[in-house]
S.K.: 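A single structure is presented below for examination.
Computed from a predicted structure; not experimentally measured.
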Amino acid sequence: MPSLRSRALSVALAVVGRRRRFASAEAVRRRVASAARRPASHLPPRRLGRVADISRTFVGAWPVYDVSPLGAEPSVQVLYVHGGGYVGELERPHWELVRTLVTQARARVVVPAYILAPRGTADRTVPVATDLLSGLIAAGGDGGTVLIGDSAGAGLALAAAQRLRDRDGEQPSRIVLVSPWLDVTMSHPDQEAIEGADPLLARAGLLEAGRLYAGTLPAEDPLVSPLHGTFAGLAPLTVFSGTRDVLSTDSRELVRRARAEGTEVEFHEAPGMPHAYPLLPVPEGRAARDRIVELVRSAADL
């Protein structure tokens, strides 16, 4: 049974119209056009600088933030890839997760502000993310490297891990996927029934966002939809999903297929919780973040 706070937050999200962002293809196109005229900021909040050393470099056209514990040596490193349907920038909940990883897991967190669709398409974006991941693993030293992504960022993260496996045989210490969007075709037969209870997402808008991200590639291409790739040889996976998330079908399919291919999977499915609940200020979200911190800490001990 979801906590009272989480039920109240789901109602509030519906009331303020968060779902309108993905209510239709036209809503997504309007959002993309608005962002082209006035790009949203991806800058970290000022308060993060009170607990972390923050620097920014560029990898090609990507601004990449490097966030480390203030005055302390990090014990592990994280590549964190944010969500937003491939059309949304880093927002405060993403940075709050980064803050948690820095302060509670003593992690160095590398955060790319990747180019959004339609400029940033999978054929351009996945190779850059792969190179970032490979570079972090190579420079890891004694500490491990954890790959974390939420929503669309989880899809990008998984595609990068698959590409790195195929290219170099390398993997991070662990992959953590929060409410992953892994199949932009939105074709799972159970999604229609789940959609009515989802306070945040709708299939029509996600289909359009996925089309923009796919660019010239087929939507089923594993670079775009890594659920259509293979899972043998990947790092151990931890997956978080809520049952009131239209994308929960992707998580269940991933868990089933990855286990069938011999990959270790830890699966947390929270009853009654919406999309990306581990980023929300509710008891279930805090419990999920606590587990993510434990996983990141354990990578430092490998």
Side-chain angles (χ1 to χ4, degrees), residues 9-45 61-63 65 80-97 111-126 128-129 149-157 159 178-187 191-192 194-217 219 223-225 242 244-248 250 274-277 279-280:
L9 183 59
S10 290
V11 171
L13 290 170
V15 169
V16 300
R18 290 283 290 188
R19 188 175 178 179
R20 286 199 293 269
R21 291 182 172 190
F22 293 97
S24 66
E26 180 57 32
V28 170
R29 288 193 290 267
R30 285 197 302 267
R31 184 179 180 187
V32 169
S34 176
R37 293 191 300 270
R38 183 178 296 180
S41 173
H42 48 66
L43 293 172
W62 290 18
Y65 295 93
Y80 171 57
V81 191
H82 73 90
Y86 297 115
V87 296
E89 264 306 352
L90 282 152
E91 295 183 352
R92 185 170 293 275
H94 304 128
W95 287 116
E96 287 300 317
L97 179 58
V111 187
Y114 54 88
I115 304 300
L116 301 175
R119 286 178 55 219
T121 50
D123 59 334
R124 301 173 180 175
T125 303
V126 175
V128 180
D150 74 89
S151 192
L156 174 53
V178 174
S179 297
W181 187 21
L182 306 176
D183 184 1
V184 306
T185 69
M186 302 300 297
S187 57
Q191 288 179 336
E192 183 178 2
I194 300 169
E195 183 179 26
D198 189 324
L200 289 172
L201 300 176
R203 289 177 298 161
L206 289 171
L207 272 170
E208 178 64 9
R211 183 188 70 81
L212 295 174
Y213 178 62
T216 59
L217 293 175
L223 283 182
V224 183
S225 297
R244 292 186 65 191
D245 180 358
V246 71
L247 298 179
S248 61
D250 287 10
H275 182 69
Y277 79 91
L279 275 62
L280 299 179

S.K.: Do the side chains of I194 and R203 get nearer than 4.5 Å, heavy atoms only?
M.R.: no

S.K.: List for me each residue that meets side chain to side chain contact (heavy atoms under 4.5 Å, CB included) alongside S187, sequence neighbours excluded, and say none if there are none.
M.R.: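 Once residues adjacent in sequence are excluded, the partners of S187 under the side chain to side chain contact (heavy atoms under 4.5 Å, CB included) criterion are D183, T185.
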
S.K.: Any donor-acceptor pair under 3.5 Å linking the side chain of Y86 with the backbone of L212?
M.R.: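 The answer is no, because no donor-acceptor pair under 3.5 Å joins these two groups.
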
S.K.: Minimum heavy-atom separation for G149 to A154, with atom names?
M.R.: O-CB, 3.4 Å

S.K.: Could I get the full list of side chain to side chain donor-acceptor pair (under 3.5 Å) partners for Y213, not counting sequence neighbours?
M.R.: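 Partners of Y213 under the side chain to side chain donor-acceptor pair (under 3.5 Å) test: none.
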
S.K.: Would a 4.5 Å heavy-atom cut-off, applied to side chains only, mark L200 and F22 as touching?
M.R.: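 Sidechains of F22 and L200: no contact.
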
S.K.: Shortest non-hydrogen contact from S179 to A276?
M.R.: OG-N, 2.7 Å

S.K.: Before giving the answer on side chain to side chain contact (heavy atoms under 4.5 Å, CB included), spell out for V184 and L206 the whole-Å C-alpha distance, their side-chain angles and the decisive distance to 0.1 Å.
M.R.: CA-CA 7 Å; V184 306; L206 289 171; over 6 Å; no

S.K.: Does atom CD of E26 have more than 12 heavy-atom neighbours from other groups under 6.0 Å away?
M.R.: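 More than 12 heavy atoms, drawn from other residues, nucleotides or ligands, come within 6.0 Å of this atom.
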
S.K.: If you apply the rule side chain to side chain contact (heavy atoms under 4.5 Å, CB included), what do you find for L201 with E195, and how did you get there?
M.R.: CA-CA 7 Å; L201 300 176; E195 183 179 26; over 6 Å; no

S.K.: Do side-chain atoms of D150 reach the backbone of V178 as a donor and acceptor pair under 3.5 angstrom?
M.R.: no

S.K.: Work out which heavy atom in V81 is nearest to a heavy atom in A157; give both atom names and the distance.
M.R.: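 Reported closest heavy-atom pair: CG2-CB, 4.3 Å.
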
S.K.: As a quick check of understanding, evaluate side chain to side chain contact (heavy atoms under 4.5 Å, CB included) for H94 and Y80, giving each step before the final call.
M.R.: CA-CA 9 Å; H94 304 128; Y80 171 57; 3.2 Å; yes

S.K.: Sequence neighbours excluded, which residues qualify as side chain to side chain contact (heavy atoms under 4.5 Å, CB included) partners of P93?
M.R.: E91, L279

S.K.: By side chain to side chain donor-acceptor pair (under 3.5 Å), which residues pair with S151, not counting sequence neighbours?
M.R.: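 With neighbours one apart ignored, the set is H275.
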
S.K.: Tell me, which pairs form a salt bridge (charged side-chain N to carboxylate O under 4.0 Å, His left out) where one or both residues lie in residues 208-217, sequence neighbours left out?
M.R.: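 As it turns out, the salt bridge (charged side-chain N to carboxylate O under 4.0 Å, His left out) pairs with a partner in residues 208-217, which skip direct neighbours, are R29-E208, E208-R211.
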
S.K.: Specify the closest pair of heavy atoms between A209 and V87, including all atoms of both residues, with the distance to one decimal.
M.R.: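 Closest approach of A209 to V87, heavy atoms only: CB-CG1, 4.4 Å.
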
S.K.: Which atom pair, heavy atoms only, marks the closest approach of P274 to L280?
M.R.: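 Answer, listing the atom of P274 first, then L280: CG-CD1, 3.8 Å.
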
S.K.: Could you give the distance from OH (Y65) to NE2 (H42), rounded to the nearest 0.5 Å?
M.R.: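 It is 4.5 Å, given to the nearest 0.5 Å.
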
S.K.: Please report the shortest heavy-atom distance between A202 and A23, naming the atom on each side.
M.R.: CB-CA, 4.1 Å

S.K.: Quick one: side chains of residues 113-123, donor-acceptor pairs under 3.5 Å with protein atoms, not counting sequence neighbours, listed by atom name and distance.
M.R.:
| from | atom 1 | to | atom 2 | distance (Å) |
| --- | --- | --- | --- | --- |
| Y114 | OH | H82 | O | 2.7 |
| T121 | OG1 | D123 | OD1 | 2.5 |

